[in-house]
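All remarks here apply to the structure that follows.
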Amino acid sequence: MGAAAHPPTPSRLREGEVRFAGYASVFDRVDRGGDVVRAGAFAASLREARAVPLLWQHRPGAVIGAIEALAEDARGLRVVARVTHPTAARLVARGALTGLSFGYRVRAARGARPRELLALDLVEVSLVAMPMQPLARVVGVEDRRS
């Protein structure tokens, strides 16, 4: 836990961009689909340090920015990202879009209802209107819009 696949490398925000920090996953809380992500579930995937895109509503062709940092902490999967898409940046800056989610492949799980997700391949992080995990949210915003 705590090892970052993408260490923080913040650069200057350009006009119209927004940077946010939040949680794409919250550990030990059952989501709307009956899954619960356990601490350490992302550890192996994060160690591989693959590029993880920031998407709009899980749509593969809808990249809306870039992830600057990903790490597990005591609460969950923490993400810091820059939103470059003008509409998405405005929504995040106004607090109108605060949901976060992630796409994944299961490496290891056990049980059912809730299904415990023990090891996951992280595929993407998305800004979403309705996150599967209601606690997966943007928690802070830095705005460089005019």
Side-chain angles (χ1 to χ4, degrees), residues 1-47 49-107 109 113-145:
M1 265 193 305
H6 302 272
T9 55
S11 56
R12 285 204 150 135
L13 286 177
R14 295 182 181 166
E15 192 168 321
E17 294 181 344
V18 169
R19 179 179 290 124
F20 71 83
Y23 286 87
S25 177
V26 176
F27 297 141
D28 303 324
R29 302 298 291 260
V30 178
D31 69 19
R32 292 180 176 129
D35 289 337
V36 58
V37 178
R38 296 299 186 199
F42 299 100
S45 188
L46 292 175
R47 277 193 304 274
R50 290 185 311 262
V52 176
L54 179 65
L55 303 180
W56 174 259
Q57 303 276 71
H58 299 292
R59 295 183 186 141
V63 176
I64 59 170
I67 293 176
E68 295 181 353
L70 283 168
E72 283 194 355
D73 66 16
R75 182 169 185 206
L77 180 64
R78 187 170 188 278
V79 58
V80 176
R82 166 192 311 270
V83 182
T84 57
H85 186 279
T87 302
R90 276 193 305 276
L91 291 169
V92 171
R94 287 194 333 236
L97 180 62
T98 63
L100 287 170
S101 187
F102 64 97
Y104 62 97
R105 286 184 213 74
V106 177
R107 287 185 182 186
R113 294 288 179 200
R115 176 175 67 157
E116 293 180 83
L117 301 175
L118 306 173
L120 301 171
D121 280 326
L122 182 63
V123 175
E124 53 91 2
V125 172
S126 285
L127 278 163
V128 297
M130 288 278 300
M132 185 68 78
Q133 172 48 260
L135 299 173
R137 296 285 175 179
V138 169
V139 296
V141 176
E142 178 186 359
D143 187 356
R144 175 81 167 103
R145 297 173 316 109

Counting only N and O atoms by type, is there a donor-acceptor contact under 3.5 Å from the side chain of [X] to the main-chain atoms of [Y]?
X     : Y      : value
Ser25 : Leu77  : no
Gln57 : Ala129 : yes
Ser45 : Asp121 : no

TODO: For the pair Leu55 and Phe102, evaluate side-chain contact (heavy atoms from CB on, under 4.5 Å) and give the outcome as yes or no after the intermediate values.
DONE: CA-CA 9 Å; Leu55 303 180; Phe102 64 97; over 6 Å; no

Starting at [atom1] of [X], measure out to [atom2] of [Y] and round the result to the nearest 0.5 Å.
X      : Y      : atom1 : atom2 : answer
Ile67  : Arg82  : CD1   : CZ    : 12.5 Å
Asp31  : Met132 : CG    : CE    : 5.5 Å
Leu135 : Tyr23  : CG    : OH    : 12.0 Å
Leu127 : His85  : CG    : NE2   : 11.5 Å
Glu124 : His58  : CD    : NE2   : 5.5 Å

Measure the shortest side-chain to side-chain distance between [X] and [Y] over non-hydrogen atoms and say whether it is less than 4.5 angstrom.
X      : Y      : answer
Arg115 : Val106 : yes
Val63  : Leu54  : no
Arg105 : Val123 : yes
Val128 : Ser101 : yes

Task: Arg75 to Phe27, cation-pi by 6.0 Å centre distance and 45° axis angle - done: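 Geometry flag: not set, cation outside 6.0 Å or 45°.
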
- [ ] May I ask you to check whether over 12 heavy atoms, not counting those of Arg29, lie within 6.0 Å of atom CZ?
- [x]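 For Arg29, atom CZ is not crowded (no more than 12 foreign heavy atoms under 6.0 Å).
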
Open item on the list: Within the supplied structure, the quantity of interest is the number of heavy atoms (other residues, nucleotides, ligands) at a distance under 6.0 Å from Arg32 CZ; does it exceed 12?
Closed with: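 Enclosed.
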
Open item on the list: I need the minimum non-hydrogen distance between Val30 and Gly34, along with the two atoms involved.
Closed with: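 Closest heavy-atom pair between Val30 and Gly34: CG1-CA, 4.0 Å.
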
Open item on the list: Using every non-hydrogen atom in the two residues, find where Pro131 and Ala136 come nearest and quote the distance to one decimal.
Closed with: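 Smallest interatomic distance, heavy atoms only, reads CG-O, 3.8 Å.
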
Open item on the list: Checking Arg38 now: which residues fulfil side chain to side chain contact (heavy atoms under 4.5 Å, CB included) with it, not counting sequence neighbours?
Closed with: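 Arg38 satisfies side chain to side chain contact (heavy atoms under 4.5 Å, CB included) with Asp28, Val36, Glu116, Leu118 once adjacent residues are dropped.
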
Open item on the list: If the condition is side chain to side chain contact (heavy atoms under 4.5 Å, CB included), which residues does Arg113 pass it with, not counting sequence neighbours?
Closed with: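 Partners of Arg113 under the side chain to side chain contact (heavy atoms under 4.5 Å, CB included) test: none.
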
Open item on the list: side-chain contact (heavy atoms from CB on, under 4.5 Å), that's the test. Do Leu46 and Leu70 meet it? Break it down for me.
Closed with: CA-CA 8 Å; Leu46 292 175; Leu70 283 168; 3.9 Å; yes

TODO: For this output row, return yes or no: ring centroids of Tyr104 and Phe42 closer than 6.0 angstrom.
DONE: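 Ring centres of Phe42 and Tyr104 not closer than 6.0 Å.
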
Task: Carboxylate-amine/guanidinium proximity below 4.0 Å for Arg78 and Glu72 - done: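 Looking at Arg78 and Glu72, the cut-off is not met.
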
Open item on the list: Test side-chain contact (heavy atoms from CB on, under 4.5 Å) on Val80 and Phe20; report intermediate values, then the result.
Closed with: CA-CA 6 Å; Val80 176; Phe20 71 83; over 6 Å; no

- [ ] Please lay out, stage by stage, how Val79 and Leu100 fare under the test side-chain contact (heavy atoms from CB on, under 4.5 Å).
- [x] CA-CA 9 Å; Val79 58; Leu100 287 170; 4.0 Å; yes

